[in-house]
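The shown structure was predicted, so the numbers you read here are calculated from the model rather than taken from an experiment. Quick note: residue numbers are just sequence positions, from 1. Only heavy atoms go into these numbers, but all of them, side chains included; no hydrogens, no water, no symmetry mates.
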Amino acid sequence: ATQALLKATPVDQVWGIGSKLAKRLEAMGIETAWQLREAPLEWIAQRFSVVLQRTQLELRGIEATPAASTAEGRQQLRVSRTFGSPCRLEQDCLEAVQHYVQRAAEKLRAQRSETSAMTVFLRTNPYRSDLPQFSESLVWQFDQPTDDTTEMLQVARRLLRRLWQPGYVYQKAGVLLMDLTSKARRQQVLFETPERQIQKARNERLMQVIDTLNQQQGRGKVGFGLPRKEAAWPMRQANRSPEYTTDWADLPEVVAR
């Protein structure tokens, strides 16, 4: 019933979409509320304001109304990168998304927040008109707000395997954590099993250990799954400037003569 209603609703009848914005959307082939709902989230984010992104999420049944200002001051957290080399293999795309999820989860915990929904997206190079084009995203809504890397990784792997299609040369992937809330405001879940409570406590301690080690040893030293040496996706950093102020390894050496 909801799908039929959205398909019958012109996009200019959606709350918050004026005539000028509706014309832009219609020129891009989005003429109904359903087409806006199904458009790739990353594609909308690149071309329109955050207001339209929220409208799209609301059409998908995801609460996206900005809450009162929090100490963190952000309602979304994105980690995405252009691959160092174009990727044709599912394994490359999977490793990249796993890496981005771990980085996003680390940032989430650093600001004492939890996420209620996560988007994974995958796309080709839009400027290579000589190649087949692909740009899609999938959203997952968690049963409870979470900052657990292991839980997010399980979901990300599932979404990526649904997204990935053979025959494309992928250029970029990423994750978007949405509907962030303060961890201090977490509500206790009624009727949660003792086994589930024990597992959550173990995972929370594990996340604390991983974050502490990465703070002491350097980002990415400890994590879930290391990229293969032959992987195409890591960014090329041969010409990266030294980080004298943040990395001991980059301190200049003085040699006495």
Side-chain angles (χ1 to χ4, degrees), residues 2-3 5-82 96-97 100-101 103-105 107-108 111 113-127 133-143 145-147 152 155-156 158-160 162-163 170-182:
T2 300
Q3 180 175 339
L5 178 62
L6 293 178
K7 286 184 176 180
T9 302
V11 73
D12 61 358
Q13 297 299 310
V14 176
W15 184 88
I17 296 181
S19 58
K20 183 180 294 186
L21 178 55
K23 289 180 181 178
R24 284 184 61 194
L25 290 168
E26 290 167 358
M28 296 177 177
I30 299 177
E31 299 179 349
T32 67
W34 178 258
Q35 289 174 322
L36 175 59
R37 179 191 187 278
E38 293 300 294
L41 292 172
E42 177 70 7
W43 187 86
I44 292 292
Q46 289 176 341
R47 292 165 176 79
F48 300 96
S49 70
V50 68
V51 176
L52 187 61
Q53 296 175 48
R54 290 172 183 155
T55 299
Q56 185 186 27
L57 291 172
E58 294 284 358
L59 289 171
R60 293 187 177 197
I62 299 173
E63 176 64 40
T65 303
S69 59
T70 64
E72 297 82 10
R74 61 199 304 182
Q75 287 299 303
Q76 295 183 349
L77 199 161
R78 180 195 305 268
V79 176
S80 62
R81 296 287 186 276
T82 298
V97 167
Y100 303 151
V101 166
R103 181 66 184 128
K107 290 183 176 182
L108 190 69
Q111 67 180 40
S113 296
E114 295 179 313
T115 181
S116 294
M118 179 173 67
T119 296
V120 174
F121 68 86
L122 186 62
R123 79 177 194 198
T124 56
N125 187 342
Y127 302 106
Q133 293 296 306
F134 181 97
S135 180
E136 296 290 344
S137 61
L138 290 172
V139 182
W140 182 275
Q141 192 152 16
F142 296 102
D143 293 335
T146 183
D147 64 357
M152 286 185 262
V155 170
R158 191 176 306 151
L159 295 183
L160 191 279
R162 287 171 55 190
L163 276 175
Y170 296 102
Q171 182 208 31
K172 188 175 184 178
V175 299
L176 175 66
L177 306 182
M178 301 173 292
D179 195 12
L180 307 189
T181 55
S182 172

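Residue Ala33 comes nearest to Leu59 through the heavy atom pair O-CD1, 3.7 Å, listed as atom of the first residue, atom of the second, then distance. Closest heavy-atom contact between Leu5 and Thr9: O-OG1, 2.7 Å. Here the shortest heavy-atom pairing between Arg78 and Ala45 reads NH2-CB, 3.8 Å. Taking each heavy atom of Phe121 and Ser80 in turn, the nearest pair found is CZ-CB, 3.5 Å. Closest heavy-atom contact between Thr119 and Val139: OG1-CG2, 3.4 Å.
Inter-residue side-chain proximity for Pro126 and Gln171 is flagged as met; some heavy-atom pair is nearer than 4.5 Å. At least one side-chain heavy atom of Leu108 sits under 4.5 Å from a side-chain heavy atom of Met152.
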Going through the checks in order, is the side-chain contact (heavy atoms from CB on, under 4.5 Å) test met by Leu36 and Leu52? CA-CA 9 Å; Leu36 175 59; Leu52 187 61; 4.1 Å; yes
Do Leu57 and Asp179 pass the side-chain contact (heavy atoms from CB on, under 4.5 Å) test, and can you show the C-alpha distance, the side-chain angles, and the key distance before you say yes or no? CA-CA 10 Å; Leu57 291 172; Asp179 195 12; over 6 Å; no
Please report the C-alpha distance between Arg162 and Leu159 in whole Å, then the side-chain angles of each, then the deciding distance to 0.1 Å, and finally whether the side-chain contact (heavy atoms from CB on, under 4.5 Å) criterion is met. CA-CA 5 Å; Arg162 287 171 55 190; Leu159 295 183; 4.0 Å; yes
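More than 12 heavy atoms of other residues, nucleotides or ligands lie within 6.0 Å of CZ in Arg60, so this atom counts as buried by the packing criterion.
When the options Leu77, Leu177, Asp147, Thr181 are evaluated for a side chain to side chain contact (heavy atoms under 4.5 Å, CB included) with Thr115, the one that passes is Leu177.
The distance from atom OG of Ser137 to atom CH2 of Trp43, rounded to the nearest 0.5 Å, is 11.5 Å. Atom CD1 of Ile44 and atom CG of Leu41 lie 8.0 Å apart (nearest 0.5 Å). With rounding to the nearest 0.5 angstrom, the CE atom of Met28 is 6.5 Å from the CZ atom of Arg47. A distance of 6.0 Å separates CD1 of Ile30 from CZ of Phe48, quoted to the nearest 0.5 Å. Between atom CG of residue Asp12 and atom CD of residue Glu31 there is a gap of 10.5 Å, rounded to the nearest 0.5 Å. From Phe142, atom CZ reaches atom CE of Met178 across 9.0 Å, with rounding to the nearest 0.5 Å.
No donor-acceptor pair closer than 3.5 Å links the side chain of Gln3 to the backbone N or O of Trp34. Distance alone, capped at 3.5 Å, is enough to place a donor-acceptor pair between the Gln133 side chain and the Asn125 backbone. Checked by atom type and distance alone, the side chain of Thr124 pairs as donor or acceptor with a backbone atom of Phe134 at under 3.5 Å. The backbone N or O of Thr32 sits less than 3.5 Å from a side-chain atom of Gln35, completing a donor-acceptor pair. Between the side chain of Gln56 and the main chain of Ala39, a donor-acceptor pair closer than 3.5 Å is present.
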